[in-house]
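What follows is one structure encoded as structure tokens, with my remarks underneath.
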Amino acid sequence: MKVMTPSPPTSASRWRPVRNGSVAWMLLIAWLVKVLEAGVPASGSRLSEIIMATPHPKTPIITTTRPSLEPSALPTGRPPPLHTPDGYLQLTVTSSAHLLFLSVNDNVVMQVSTTRANVSTAHDHYTAWEQTSGLYVFVLHPSDGRVMLHRVLSTAIFGEGLEVPSVFASLTPGHILVLAIKNDAAQNLSKKSRLLLYRLGVLSVGTLDKREYLAWVGIIGGPTWAEARTLDAEVELGMVWSSGVTLDVLVPRVLHDSSCLGERRGIRETARARFCSLYDGYGSLCSCPKPAPLVYEPPELEDNTITDVPLLILASNRPNYLYRSLVTVLRQAGASRDRILVLVDGHYQQVVDLLNLLQVQYEVRTAWGVTVGARISDQYRYALSFVFRRFPHAPKAILLEEDLIVAPDFFSYFNQTAWLLDADPSLCCVSAWTDLGGLHTAHDPRLLRRVEVLPGLGWMVGRSTALHLLSMWMSPDQNHDWDIWMRQPDVLGGRECVMPDVSRTFHIGFMGSHAAGLLHTAFFAYKPVPVLPYVPLLNVHRLQQREYEEDIYKLLEGEVFLLQPGLHPCHPDYLPRNLTEHPVVIFVEMTMPGDFFAWQFLARCLGVWDLDTRAHHRGLFRFFFYDTEVLVIGYPFSDYSFLKPSWLNMLEVNKTEEVEKLNLMPLTHRARFRRPALERDVPFLDVPTPVF
Ligand SMILES: *[C@@H]1O[C@H](CO)[C@@H](O)[C@H](O)[C@H]1NC(C)=O
Ligand SMILES: *[C@@H]1O[C@H](CO)[C@@H](O)[C@H](O)[C@H]1NC(C)=O
Ligand SMILES: *[C@@H]1O[C@H](CO)[C@@H](O)[C@H](O)[C@H]1NC(C)=O
Ligand SMILES: *[C@@H]1O[C@H](CO)[C@@H](O)[C@H](O)[C@H]1NC(C)=O
Ligand SMILES: *[C@@H]1O[C@H](CO)[C@@H](O)[C@H](O)[C@H]1NC(C)=O
């Protein structure tokens, strides 16, 4: 063993860095543009069309802007309705602190009035005031003004603007777009999002300040019809809101549908034309002249061992996500519509229409639970029993969620690992996801590891494990999270999962969850995923219990660098990035399974998942930090604790404040750990300004 004491750069040569050029980085390009080219176009393709389409700021037919009135005053205080000539749609849009309003030809499309009285003191959930704040996006049909899409983007909240490009990229040119703001949309609206909106024609977005208002009406990829902007901007005084704006505008109707979709032949194409006349947000599914296929005919997987393994996708009311997810699944090698099932929580017409259009099997079932967590758990329980009932001969099943898109080798990955679940009773699942695989810590898509139970975000489970779990599942009367419950030692008795070094799923969901933007920015948005349809996994048989232990002991008892804690783990020189000669071993204090204080301290500094101790194997966390292999051993909990020489210190955290000081650190991971070669293609790249 070698000991290394991190110290400032003068002694950097002691690391004796070795360049290792061989690793499979080429495989490792995150790939949204590619993934979506046959599905929803991503920021690349379609967006650039929108951006290029020069807005023609023609003089709007009629525009009046005026300070908006208090919510109660609106219905009576409005001026008499404008006379709507035939051939026009009359829109009234209000953006303000307390009221968000849209009407089309005097039919109220949306009226949201929440005041600061709706802010409760609860810290654990968003209040009605917060939930209704943000940038409202409406897409209206150009002939009769019916609502085709409605989203609220919480761009005032850090990180949630990451979704802006993909939402706008999925809209259909020619449709009417209405933008409005309730409370605030500007506080954390990134430059990138502002530029996108500006190019769409929203000319005043560049200077929009916190709690200022604008309303905009125009054609996607076409002219701006009207734009109104707060006149007074008294926002310096903290709790002051600008006066709102109301826009009345006449938009010329498009009387004849010129979309190519209506001319395409066949029952399915007729169904597509109908679907696309009702809904927007599906990108190339509804785009002319070459819409995305309705039927995919993917190649067979070579030597497929999972032809009897079904895939179940849990869905709710997020059909735009579900479509993106389904496309990545349906078109890849090994996919078969016969074995794909969607379980929808609640009846939503758009979701059902989408699944019928794509001819994917589904079941609608409304879950129940005392809390959100218990309700999700109830649906998971049902999903597990449903998939094995529906496929009575299936030995295993794969579970996925609607807000996950999958890597092109998703089925191949499960195909190569499926046999492990039969061969090794100490394994209970194969996960497609790793919490430790960020841009700077994901290293080689061929690598696998064993970890404590890690279900969720794409996983395969055997029938007997499923039956075992079902027999003891928590009741929906009790508040709980199913994945946390499943990790408890008495549930699966120490059985483990196989986890990749590089995730095979990518999380695209923002809607509906708490603080999604923060979590996304910190842990989900910057994860690479392989781009090739086949990645031969390394030494799959060595994942079996005995072999895996043999390999770990060989590794730990061989040449390693022991890290003697000296520097603060956040110091840039704490851990070198290119120490490829031997792995680095770090001991951190961990007294029992859930004790993650010292781990959190370290993980936060190194930029990996730190919200609990998941993804370790017997107290050992393994990952790469750039090109340096890192083995973190939780002492004395870990089975490998005996390797710590008595003279070696472990990383300890003596005061809670030490960790609390780092609370905002995860938001800066992306800015601190750059990987330019990979960043080019990362789906949500939007490096935030570091707080530190
Ligand atoms: C290893 O990293 C150090 C510090 O970042 C750098 O100075 C050195 O050039 C790197 N060596 C190689 C071989 O990449
Ligand atoms: C907001 O508060 C008002 C007044 O207390 C109440 O009537 C209204 O229902 C609340 N709205 C929401 C969405 O909670
Ligand atoms: C938005 O950004 C500001 C800095 O511009 C920050 O102080 C604030 O906490 C952020 N708001 C949220 C909700 O993340
Ligand atoms: C599928 O799995 C079998 C058995 O592990 C393997 O021989 C075959 O190469 C795999 N095929 C693919 C495309 O992963
Ligand atoms: C915590 O206390 C131990 C023993 O008193 C000390 O060796 C260690 O350096 C302290 N850790 C930190 C992070 O200050």
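Remember, it's 1-based here, ligands and their atoms both numbered in the order they're listed.
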Do NZ/NE/NH1/NH2 and the carboxylate oxygens of Glu402 and Arg324 come within less than 4.0 Å?
no
State, yes or no, whether a side-chain contact exists between Arg450 and Asp424 at a heavy-atom distance under 4.5 Å.
yes
For the 3.5 Å polar cut-off, considering only N or O atoms, please tell me whether Tyr534 and ligand 4 meet it.
no
Nearest-contact summary for atom 10 (C) of ligand 4 - protein heavy atom, Å
Asn415 ND2, 2.4 Å
If we ignore angles and hydrogens, is there a donor and acceptor under 3.5 Å between the side chains of Glu496 and Ser426?
no
I'd like to check which ligand 4 atoms, numbered from 1 as shown, lie under 4.0 Å from a non-hydrogen atom of Gln416.
14 (O)
Derivation of the side-chain contact (heavy atoms from CB on, under 4.5 Å) call for Cys428 and Val453:
CA-CA 8 Å; Cys428 64; Val453 179; 4.0 Å; yes
What protein heavy atom sits nearest atom 7 (O) of ligand 4, and how far off is it?
Asp303 CB, 4.1 Å
Report yes if the side chains of Leu643 and Val585 come closer than 4.5 Å at any heavy-atom pair, otherwise no.
no
Show the atoms of ligand 4 that are less than 4.0 angstrom away from any heavy atom in Leu301.
13 (C)
If I apply the N/O under 3.5 Å rule, does Ser412 come out as touching ligand 4?
yes
Applying a strict 4.0 Å limit to heavy atoms, is Thr305 in contact with ligand 4?
yes
Under 3.5 Å: N/O of Trp419 near N/O of ligand 4:
no
Tell me whether Glu549 is salt-bridged to Arg618, with the criterion being a basic N under 4.0 Å from an acidic carboxylate O.
yes
